[in-house]
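Working notes for the structure below.
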Amino acid sequence: MDQSGSYPRAIVHFDGDSFFASVEQAKDYKLRGKPVVTGGERGAVTSLSKEAKMLGAHRGMPMQEIRRVCPSVIVLAGDYTAYSIYAKRMYAIAKTFTTKVEEYSIDECFADITGLNESRGQSYEEIAEAIQEKLELSLGITFGVGLAPSKTLAKVASKRNKPAGFTALPKEEIERVLADTEIYDIWGLGGALSTRLRGLGVITALDYIQKSDAWLKEHGFAKPVRDTWLELQGYPALTLSTGAHAKPHSVMVTRTFTPPSTDKDFIFSQLSKNVEGACAKVRRAGMKASALSFYLKTQEFTYHGVQLDLSAAYDAPPEILKAIRARFDEVYAEGILYRASGVTLRCLRGVDTVTPDLFGAYAESQEKEGVFRAQDAVNRRYGRNTIYLGSSMEALARPDAKYRTKVVRGFVPASKDGKKSLDIPHLGVVH
DNA sequence: TCTGGGGTCCTAGGACCC
DNA sequence: TCTGGGGTCCTAGGACCC
């Protein structure tokens with residue numbers, strides 16, 4: 001059947017309902033039908049089952065408050081390994097229908113099913129619902145599903161009938177639906193942009209698509225804003241990234257330390273720990289980094305950092321730490337209270353594409369590499385931080401070290417300055 | 001509720017070159 | 001000569017996302 005008028009492209013968005021809590025209930029039947037929240041490991045809720053929501057618990061509530069309004073609540077620590085496994089199953093199921101699947105996040109994916117209606121002899125709606133049914137039956141969790149001519153509209157659609165809903169949003173329905181969608185709820189328009197738009201009288205997404213291209217230019221809105229504007233009109237401006245080789249472009253490890261500190265050695269050791277973690281991630285991805293940036297965050301929430309290039313590509317801490325140490329004083333100042341540090345490894349390449357530098361630094365690092373491989377193996381087997389570098393010793397020896405080395409996830413509370421709060425669970429560090 | 005952790009992409013403006 | 005114009009590349013920083 002010809003649906004090319006309603007769907008010049010047919011994009012489906014799948015969004016797992018209460019993903020982390022739902023996975024917990026799928027794993028353990030005893031949790032089904034009960035109020036479950038995750039986030040116990042850090043005392044702040046990260047995901048709530050629908051039963052917990054029905055009893056009045058909200059995301060962002062302190063754990064004590066949750067227990068008060070909902071005494072029967074079951075609080076669990078996040079099991080990120082399990083969530084990743086469920087995410088991979090989700091992608092795999094979607095891929096049995098089409099290869100054009102974007103693995104967008106731990107609980108979401110997009111599929112481009114354009115043309116499948118002809119080849120399968122089914123409507124796009126039927127196909128989207130068939131995928132949804134297969135996901136729900138195979139995983140034991142429900143999904144919000146949206147079908148639309150663009151990614152941005154598919155996101156709008158999947159939000160509309162949660163949980164376990166399906167919404168089709170063909171071109172003919174765009175105006176009706178966008179009239180009751182606030183600009184603030186549009187994917188791609190964050191706190192800053194939606195506040196600006198509202199100041200210009202744009203309240204709903206319909207107001208937004210009725211503005212002209214000239215109007216956007218006149219007010220200095222740039223490409224991402226225009227792409228969103230096109231997408232909302234049903235013109236796909238964003239393509240799916242379906243690359244099977246979804247390798248990261250950068251890898252970062254940052255950690256807040258409590259209490260904040262002025263101690264130079266302690267702060268450097270924190271950074272050293274960040275570097276170890278980042279190197280381990282890079283090795284796991286089978287990559288090496290040839291550039292990096294590191295920063296310190298003060299108690300006043302200002303950032304001080306530098307970006308630098310490495311003499312070659314590395315996946316082990318020694319040379320990286322050497323480079324950071326050489327420039328540490330550019331960001332560290334005596335007497336300032338620091339609350340966090342972080343490192344980002346950049347210019348990542350697959351190990352096979354790395355060209356050795358002229359001065360032998362690469363060859364030297366190759367010799368040491370065996371040591372870090374062994375370390376990875378031991379840490380995998382006996383738990384993290386079984387083996388660590390001397391320079392990270394101080395960080396690990398602190399009394400609260402066990403909290404700092406834990407997997408943490410969190411959320412940003414809704415704030416008065418118009419910044420969007422996080423309302424979807426997301427992945428922390430998976431080990 | 002004083003505010004976590006990990007990513008991506010875009011752009012203004014400076015450096016540099018012809 | 002003291003005065004141009006224009007192009008490219010890079011980076012810091014800002015915006016967004018989950």
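Just so you know, these numbers use all the heavy atoms, side chains as well, and skip hydrogens, waters and symmetry mates.
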For [N], does either OP1 or OP2 sit under 4.0 Å from a side-chain N or O belonging to [X]?
X	N	value
A/S250	B/dG6	no
A/K151	C/dC17	no
A/K297	B/dG4	yes
A/S105	C/dC17	no
A/R339	B/dC2	no
A/K223	B/dA12	no

query = Using purine N1 to pyrimidine N3 plus N6-O4 or O6-N4 for Watson-Crick, or N1-O2 and O6-N3 for G-U wobble, each under 3.5 Å, what pairs with B/dC18?
reply =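 Its partner is C/dG5 (Watson-Crick or G-U wobble, both distances under 3.5 Å).
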
Euclidean distance, atom [atom1] of residue [X] to atom [atom2] of [N] [Å, nearest integer]:
X	N	atom1	atom2	answer
A/I186	C/dC17	CD1	P	10 Å
A/R59	C/dC18	CZ	P	12 Å
A/D15	C/dC18	CG	C1'	10 Å
A/Q64	B/dT1	CD	C1'	11 Å
A/Y83	B/dG5	OH	P	18 Å
A/F301	B/dG4	CZ	C1'	10 Å

Of all the nucleotides listed ([options]), which has the minimum atom distance to the side chain of [X]?
X	options	value
A/A222	C/dA12, C/dC18, B/dT11	B/dT11
A/T256	B/dT11, B/dG5, C/dT11	B/dG5
A/H249	C/dC18, C/dC16, B/dT8	B/dT8
A/P248	B/dG6, B/dT8, C/dC18	B/dT8

request  = Going by the salt bridge (charged side-chain N to carboxylate O under 4.0 Å, His left out) test, name the single residue among A/K151, A/K95, A/R9 that passes it with A/D112.
outcome  =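 By the salt bridge (charged side-chain N to carboxylate O under 4.0 Å, His left out) criterion, A/D112 pairs with just one of A/K151, A/K95, A/R9: A/R9.
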
inquiry  = Below 30° counts as parallel, above 60° as perpendicular, anything between as tilted: where do the rings of A/Y295 and A/Y303 land?
reply    =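 Answer is tilted, since the angle falls between 30° and 60°.
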
ask   = When rounded to the nearest 0.5 angstrom, what distance separates CG in A/L296 from CZ in A/F328?
value =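 Nearest 0.5 Å value for the CG-CZ distance: 5.0 Å.
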
ask   = Is the NZ or CZ atom of A/R327 positioned over A/F294's six-membered ring, under 6.0 angstrom from the centre and within 45° of the axis?
value =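 That pair does not qualify as a cation-pi contact.
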
request  = Between A/P62 and A/A340, just flag the one whose closest nucleotide in DNA chain B comes earlier from the 5' side.
outcome  =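 Result of the comparison: A/P62.
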
Please work out if [X] contacts a base, only the sugar-phosphate, or nothing of the nucleic acid, heavy-atom cut-off 4.0 Å.
X	result
A/Y104	sugar-phosphate
A/R346	nothing
A/P224	sugar-phosphate

ask   = B/dC16 and C/dG4: how far apart are their C1' atoms, nearest whole angstrom?
value =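 Those two atoms are separated by 16 Å.
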
ask   = For the residue pair A/A82 and A/K27, what are the closest heavy atoms and their distance?
value =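 Reported closest heavy-atom pair: CB-CD, 3.9 Å.
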
ask   = Going by a 90° cut-off around 0, is B/dC2 syn or anti?
value =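 That one's syn.
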
query = Is any side-chain heavy atom of A/Y104 closer than 4.5 Å to a side-chain heavy atom of A/K155?
reply =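 Yes, close enough: below the 4.5 Å cut-off.
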
